[in-house]
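For reference, the structure is listed below as structure tokens.
Residue numbers count from 1 along this sequence. Note: hydrogens, waters and symmetry copies are ignored here, and every other heavy atom, side chains too, is used.
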Amino acid sequence: MKRPAVKWFLPLLVIAAALAVVVVMMATREPPSRADAGETPARLVRTQAVERTAERIEVRATGTVMPARAVDLQPQVSGRVIAVHDDLQPGAVIPAGETLVTIEPTDFEAAVAEAEGQLARARADLALEKGRSEVAAAEFETYARELDVPVDESLARRRPQLESAEAAVRQAAARLRRARADLARTTIEAPFDVLIQSESVDVGAQVGPQTQLARLVAVDRYWVRATLPMGHLPFLAVPGYNAEKGSTAIVEQDTGSHSLRREGRVLRLYGGVTDQGRLAQVLVEVPDPTGRQGDSLPLLLGTFVDVRLRSPREREVIKLPRAYLHERDTVWVFADGRLDIREVEVVWRAPGHVLIDGGLAPGERVVTSPINHPVQGLRLKRADGDDA
């Protein structure tokens, strides 16, 4: 009868001993920490100290290359073409002063010779008339007192005839100047260093003042009509708008294998905005666009280019990579081990960075690591700190 009692008593004894051990452990354990009580543990993040630096804002724009000077070559006299410059072909560059087209000068040389003869005759007639006028004046002085009737002195001295002879000389001289000018116009020269855009003349062609021989473009400088948002204009120096000297510009033309660069300067504000987008336009002047003073490829007319316009003045701002700027223009700041989601004043947005003028102080640390579900006051720990 004793064996069943022992069989039931032993399990109860084991259970009682276990309960006693649990009671002792609960009585002797340390109080829970704040983290155990429900506070989120500190997030490990990387940070970067910020400082103010002198930055120059660079405005990005796009534009189209266009000629600064272009003329249609037309003769001022009519005649047959007897010579054409060997390089009068599309794409060729011809220096200023070289003869492009020569018109047969025979008729014009004859006109000059005829005008010279007429001038010689008019001068001879004038000399004779001066002599007659002197004789008439002497006779008038001698016999004027003996005349009983009034006499017109100017007629008596042959002044009308003298004036007529003088006018004939002036007319003959004018005809000679015109004839010589027409003769000079039979030779058509390049008015400046030109790029031949097109030509439509050959030896033997009959041409006149309405004939277009070629289209010429000056190669000393090109213009780029650049478009940009109107809000970017205040950052630039534009002559006639807010400055005497325009902002510097870098014009880049993509040639496929590499990018062609030319330096330029803002010349003026282009009148009006674009039809699409209502963007502002500025005119950029680019000297030596064909690369005559170097060995690079020329800037091509009509191409689309990228333009970087630099602000004339530096500004003390904080420069941050664009990835560190979050929604609603906020920045994550490490402040005494806590996350401070702070709104900042962004004065410029570039593709890779932003410039901040307000909201951050020099020496403060910006969180550069990603944070899932960031909230104000979140506990942080620097991975780049002394206790990392």
Side-chain angles (χ1 to χ4, degrees), residues 64-126 164 166-225 270-271 283 285-290 292 298-303:
T64 305
V65 182
M66 54 192 291
R69 289 187 294 172
V71 296
D72 293 327
L73 188 66
Q74 293 177 281
Q76 293 179 277
V77 295
S78 299
R80 185 175 63 88
V81 176
I82 60 173
V84 175
H85 195 289
D86 293 338
D87 291 334
L88 190 62
Q89 301 172 1
V93 176
I94 300 177
E98 292 202 10
T99 301
L100 303 179
V101 177
T102 303
I103 298 173
E104 187 175 18
T106 304
D107 293 341
F108 301 97
E109 291 171 346
V112 170
E114 183 179 355
E116 289 174 343
Q118 291 175 351
L119 178 59
R121 284 195 299 272
R123 286 174 174 170
D125 292 342
L126 176 60
S164 178
E166 291 173 344
V169 170
R170 289 194 297 270
Q171 290 176 353
R175 285 192 292 268
L176 178 58
R177 287 194 299 270
R178 184 164 55 247
R180 286 174 175 172
D182 289 342
L183 177 60
R185 289 165 182 160
T186 61
T187 300
I188 304 175
E189 298 178 347
F192 37 74
D193 293 349
V194 297
L195 168 70
I196 311 300
Q197 271 200 312
S198 63
E199 61 85 23
S200 56
V201 62
D202 208 344
V203 174
Q206 190 72 25
V207 298
Q210 303 302 319
T211 307
Q212 182 171 331
L213 307 178
R215 181 164 178 80
L216 313 177
V217 172
V219 295
D220 59 336
R221 56 196 172 102
Y222 283 173
W223 285 344
V224 174
R225 186 169 63 181
Y270 202 83
L283 207 59
E285 185 180 60
V286 182
D288 189 30
T290 58
R292 294 180 300 159
L299 198 62
L300 300 179
L301 290 169
T303 56

Is any side-chain heavy atom of [X] closer than 4.5 Å to a side-chain heavy atom of [Y]?
| X | Y | result |
| --- | --- | --- |
| E109 | L183 | yes |
| F192 | R69 | yes |
| I103 | R80 | no |
| V84 | L100 | no |
| T187 | E189 | yes |
| I188 | P75 | yes |
| L213 | S200 | no |
| L88 | V201 | yes |

Any idea which heavy atoms bring [X] and [Y] closest together, and the distance?
| X | Y | result |
| --- | --- | --- |
| E104 | I82 | CB-CG2, 3.7 Å |
| G208 | S78 | CA-OG, 3.6 Å |
| V217 | P67 | CG1-CB, 3.5 Å |
| E199 | P90 | CG-CD, 3.9 Å |
| I196 | Q89 | CB-O, 3.1 Å |
| T99 | H85 | O-CD2, 3.1 Å |

How far apart are the C-alpha atoms of E116 and R175, what are their side-chain angles, what is the distance that settles it, and do they pass the salt bridge (charged side-chain N to carboxylate O under 4.0 Å, His left out) test?
CA-CA 9 Å; E116 289 174 343; R175 285 192 292 268; over 6 Å; no
Checking V194 against V93 for the side-chain contact (heavy atoms from CB on, under 4.5 Å) test, could you report, in this order, the C-alpha distance in whole Å, the side-chain angles of both residues, the deciding distance, and whether it holds?
CA-CA 6 Å; V194 297; V93 176; over 6 Å; no
To the closest 0.5 Å, what do you measure between [atom1] ([X]) and [atom2] ([Y])?
| X | Y | atom1 | atom2 | result |
| --- | --- | --- | --- | --- |
| D86 | I94 | CG | CD1 | 9.0 Å |
| Y222 | L195 | OH | CG | 4.5 Å |
| D125 | E166 | CG | CD | 12.5 Å |
| Q197 | L301 | CD | CG | 5.5 Å |
| D72 | R215 | CG | CZ | 5.0 Å |
| D220 | E285 | CG | CD | 8.0 Å |

Under the side-chain contact (heavy atoms from CB on, under 4.5 Å) rule, what do T102 and T186 come out as? Steps first, then yes or no, please.
CA-CA 6 Å; T102 303; T186 61; 5.5 Å; no
How far apart are the C-alpha atoms of V77 and F108, what are their side-chain angles, what is the distance that settles it, and do they pass the side-chain contact (heavy atoms from CB on, under 4.5 Å) test?
CA-CA 10 Å; V77 295; F108 301 97; 3.8 Å; yes
Measure from the side-chain N and O atoms of D193 to the backbone N and O of A96, and report whether any donor-acceptor pair falls under 3.5 Å.
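At least one qualifying donor-acceptor pair exists.
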